[in-house]
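Contents: one structure, followed by commentary.
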Amino acid sequence: MVSGTPIDARLLERLGVEPASATLLQFSTAFCAPCRAMRRVSAEVAALLPGVRHVEVDAESHLAEVRELEIRRTPTLVILDSAGREVRRATGVPAKPHLIAALAALL
């Protein structure tokens, strides 16, 4: 869905996304082991980089939003810029250096 068009602000609000220079929007499910690993990596990166927020969403509790954003599996990480545009998307657990590099252009 990487389109460059901002995601609807009401949808982002329902997911708990607040304004930030960059947001790591993670979609997880309760019994997903890779989701826990992604949570750890994303939280560490957000703590390292000023202006980056990590928001984890339970995909099962937000099915309408999951469908609208075309999330197909968990974990999925969507990187949003300050305007709420999706700039990158990854499934599986990213390596910390790759995640930092993906955010560098936004900060």
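FYI, side chains are in, hydrogens and waters are out, and symmetry mates aren't considered; it's all heavy atoms of this structure.
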Worksheet, complete the sentence: Between the CZ atom in Arg39 and the CG atom in Leu77, the distance rounded to the nearest 0.5 Å is 12.5 Å

Worksheet item: Nearest 0.5 Å, what's the CZ-CZ distance between Phe27 and Arg89?
Response: 7.5 Å

Worksheet item: Atom CD in Gln26, atom CG in Asp58: separation rounded to 0.5 Å?
Response: 11.0 Å

Worksheet item: Which pair of non-hydrogen atoms, one from Arg73 and one from Gly92, has the smallest distance, and what is that distance?
Response: NH2-N, 4.2 Å

Fill in: Candidate pair Ile79 and Thr23, rule side-chain contact (heavy atoms from CB on, under 4.5 Å), full reasoning
CA-CA 6 Å; Ile79 299 177; Thr23 301; over 6 Å; no

Worksheet item: What are the two closest heavy atoms between Arg36 and Ala30, and how far apart are they?
Response: NH1-O, 4.0 Å

Worksheet item: Should Val57 and Val66 be marked as a side-chain contact (heavy atoms from CB on, under 4.5 Å) after you check the CA-CA gap, both sets of side-chain angles, and the distance that decides it?
Response: CA-CA 10 Å; Val57 174; Val66 163; 5.8 Å; no

Practice prompt. Report yes if the side chains of Glu86 and Leu80 come closer than 4.5 Å at any heavy-atom pair, otherwise no.
Written response: yes

Worksheet entry | Test item: Val78 and Ile71 side chains (from C-beta on) under 4.5 Å apart, heavy atoms | yes

Practice prompt. Work out which heavy atom in Ala59 is nearest to a heavy atom in Thr74; give both atom names and the distance.
Written response: CB-CG2, 4.0 Å

Discussion item. Let's go through Glu44 and Leu48 carefully: what are the C-alpha distance in whole Å and the side-chain angles of both, what is the deciding distance for side-chain contact (heavy atoms from CB on, under 4.5 Å) to 0.1 Å, and is it a yes or a no?
Written reply: CA-CA 6 Å; Glu44 288 174 3; Leu48 274 172; 5.6 Å; no

Response to the item:
So CZ of Arg53 and OG of Ser42: to nearest 0.5 Å the spacing works out to 13.5 Å

Fill in: Nearest-0.5 Å distance that lies between atom CD in Glu13 and atom CG in Asp8
9.5 Å

Worksheet item: At what distance, to the nearest 0.5 angstrom, does OG1 of Thr76 lie from CD of Glu70?
Response: 11.5 Å

Fill in: Under 3.5 Å donor-acceptor, Glu65 side chain and Leu11 backbone
no

Worksheet entry | Test log, rule side-chain contact (heavy atoms from CB on, under 4.5 Å), inputs Ile7 and Val17 | CA-CA 11 Å; Ile7 296 171; Val17 175; over 6 Å; no

Worksheet entry | Where Cys32 and Pro75 come nearest, the two heavy atoms and their spacing | SG-CD, 3.8 Å

Discussion item. In the structure I gave you, are the side-chain heavy atoms of Glu18 and Val55 within less than 4.5 Å of one another anywhere?
Written reply: no

Item to complete: Might you point out which heavy atoms bring Val93 and Pro34 nearest each other, and give the distance in Å?
Response: CG2-O, 3.3 Å

Worksheet entry | Arg85 versus Pro6, closest heavy-atom pair with distance | CG-N, 3.5 Å

